[in-house]
Amino acid sequence: MSSSPSSTTETTPYLQVRKAGKDFGAFRALEEVSFEIKQGEFICFLGPSGCGKTTLLRCIAGLESLSSGQVIQAGVDITALPTSERDFGIVFQSYALFPNLTIAQNVAFGLLSSGQPRSQIDARVAELLELVGLVGEDRKFPGQLSGGQQQRVALARALAPSPGLLLLDEPLSALDAKVRLRLRREIKRLQRQVGVTTIMVTHDQEEALTMADRVLVMRSGRVEQMGTPDDIYDRPASPFVADFIGTTNLLRATVIAPGLARSGSIEVRLDDAIWPAGSRILCAIRPEHIHVTGASSTGASGPPGLPGTIAEVERLGGAYRLHLRTAVDPAEIAVDLREGDPALAFVAGGRQVFLHLPVQKMRVFGAAA
């Protein structure tokens, strides 16, 4: 699955997807998806089940044909090229190793038809097994290795022909939590070391935010937002992205004056006055951005605090998540406090505290967005 399209310049995107559409009968799986990827970038396709992320990956690989649109790699239109003529390596969720071949034979599989001398193939296999930390395992069979080791073999096999593009289809989802944590660091290290342009499909938000240079968030066959992990988390482009990535409080409100809205029986300050009176909006704020005090205001000139009654406290590793009943809409707000936060001194079930929502940390969307 390797060819040699012309190399791209620093300013030319390595991969371009233009208005990609995919139909399965009457079902529209992809709806005019467009984006660009730079040489050497690590991109994650992220979204809920059925959003189209795996279909999009398969269309880039040629495992599915597009119903409309284009895929351009290194300046070459590959939309109609068969899979065998596209320049990529792929790792599937199931690894897809050959059980009757040794580890060395699995890694060498894609090189056997290249016409290279056997000594050169063996040297490449040895190089890759060292790269993925499997020196000395070459004569074993896949069934003798752990799931994490098998995944590293699959990575080595995909990288063996030196592809221009590496495609990863939920490569860590079948592994247990600790192995996933270790492997995602190893995959990112390998990607940086090799410099291969990489696309990974995942439904795991933490995986995407920690591994990707940029994240493409999908919903119902469309791109909701593409940006850096900081962009996606701190500056979500829609209520869906705000709610899907991490945890977010989404307060329904109505603008009553420039820079002021009402949610439930409480007034909420806004950071701008672009919303005319009567506008229905959604105010998004992360649990870690809300301040908790035992008094109604942070000072004589500070805005009044929002009263809340602690209904439940959850331990989240080194943090605590407070679930509070309030007079906003919806009536429950989540707040995260780090261990050692002075506010934990007045955390007790049923106790009233006051919440302070920094306007600069709040994202505001139209309610119909």
Under the side-chain hydrogen bond (donor to acceptor under 3.5 Å, both in side chains) rule, what do H203 and S49 come out as? Steps first, then yes or no, please.
-> CA-CA 7 Å; H203 62 273; S49 296; over 6 Å; no
Could you please spell out the steps behind the side-chain hydrogen bond (donor to acceptor under 3.5 Å, both in side chains) verdict for T202 and E207?
-> CA-CA 7 Å; T202 181; E207 221 166 70; 2.8 Å; yes
R189 and E186: salt bridge (charged side-chain N to carboxylate O under 4.0 Å, His left out), yes or no, with the steps?
-> CA-CA 5 Å; R189 174 187 61 80; E186 291 181 6; 5.3 Å; no
Would D230 and T228 satisfy side-chain hydrogen bond (donor to acceptor under 3.5 Å, both in side chains), going step by step from the backbone distance to the final call?
-> CA-CA 5 Å; D230 285 347; T228 66; 5.3 Å; no
Quick one: do E224 and S238 satisfy side-chain hydrogen bond (donor to acceptor under 3.5 Å, both in side chains)? Show the steps, please.
-> CA-CA 7 Å; E224 282 278 319; S238 69; 2.6 Å; yes
Could you check V17 against S34 for side chain to side chain contact (heavy atoms under 4.5 Å, CB included), going step by step and ending with a plain yes or no?
-> CA-CA 5 Å; V17 175; S34 297; 5.9 Å; no
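Between I199 atom CD1 and L216 atom CG the span is 9.0 Å, to the nearest 0.5 Å. The distance from the CZ atom of F365 to the CG atom of D243 is 10.5 Å, given to the nearest 0.5 Å.
Salt bridge R262/E267: present, at least one basic N to carboxylate O contact under 4.0 Å. With respect to the salt-bridge test (charged N to carboxylate O, under 4.0 angstrom), the residues R184 and E206 qualify. Ion pair D213/K188 flagged as a salt bridge, since at least one NZ, NE, NH1 or NH2 atom sits closer than 4.0 Å to an Asp/Glu carboxylate oxygen. Classification of R325 and E332 as a salt-bridged pair fails, no side-chain N sitting under 4.0 Å from a carboxylate O. For E127 and R124, the salt-bridge test passes: some basic side-chain N is under 4.0 Å from an acidic carboxylate O. Ion pairing between a basic and an acidic side chain is recognised when a charged N comes within 4.0 Å of a carboxylate O; E314 and R321 show no such pairing. Ion pairing between R315 and E339 holds under the 4.0 Å rule for side-chain N and carboxylate O. Taking the charged nitrogens against the carboxylate oxygens, R118 and D122 do have a contact shorter than 4.0 Å, which makes a salt bridge.
The shortest side-chain heavy-atom distance between Q73 and L165 falls under the 4.5 Å cut-off. Taking the side chain as every heavy atom from C-beta outward, L209 and I245 approach each other to under 4.5 Å. The shortest distance between side-chain heavy atoms of P142 and I103 falls below 4.5 Å. Residues L344 and Y320 have side chains in contact (heavy-atom distance under 4.5 Å, counting atoms from C-beta outward).
Nearest heavy-atom pair across F98 and N106 is N-OD1, 2.8 Å. Closest of all the heavy-atom pairs between P236 and D234 is CD-C, 3.3 Å. The shortest heavy-atom contact between L129 and D138 is CD1-CB, 3.6 Å.
More than 12 heavy-atom neighbours from other residues, nucleotides or ligands sit within 6.0 angstrom of CZ on R235. The 12-atom threshold is not exceeded at CZ of F109, counting heavy atoms of other residues, nucleotides or ligands nearer than 6.0 Å.
A distance-only check finds a donor-acceptor pair linking the side chain of K53 to the backbone of G47 [under 3.5 Å]. With hydrogens and angles ignored, the 3.5 Å screen pairs no side-chain donor or acceptor of R18 with any backbone N or O of Q70.
Geometrically, R286 engages Y233 in a cation-pi contact, judged by NZ or CZ lying under 6.0 Å from the ring centre and within 45° of the ring axis.
For the side-chain contact (heavy atoms from CB on, under 4.5 Å) test with L183, the passing option among Q151, K178, Q149 is Q151; the others fail.
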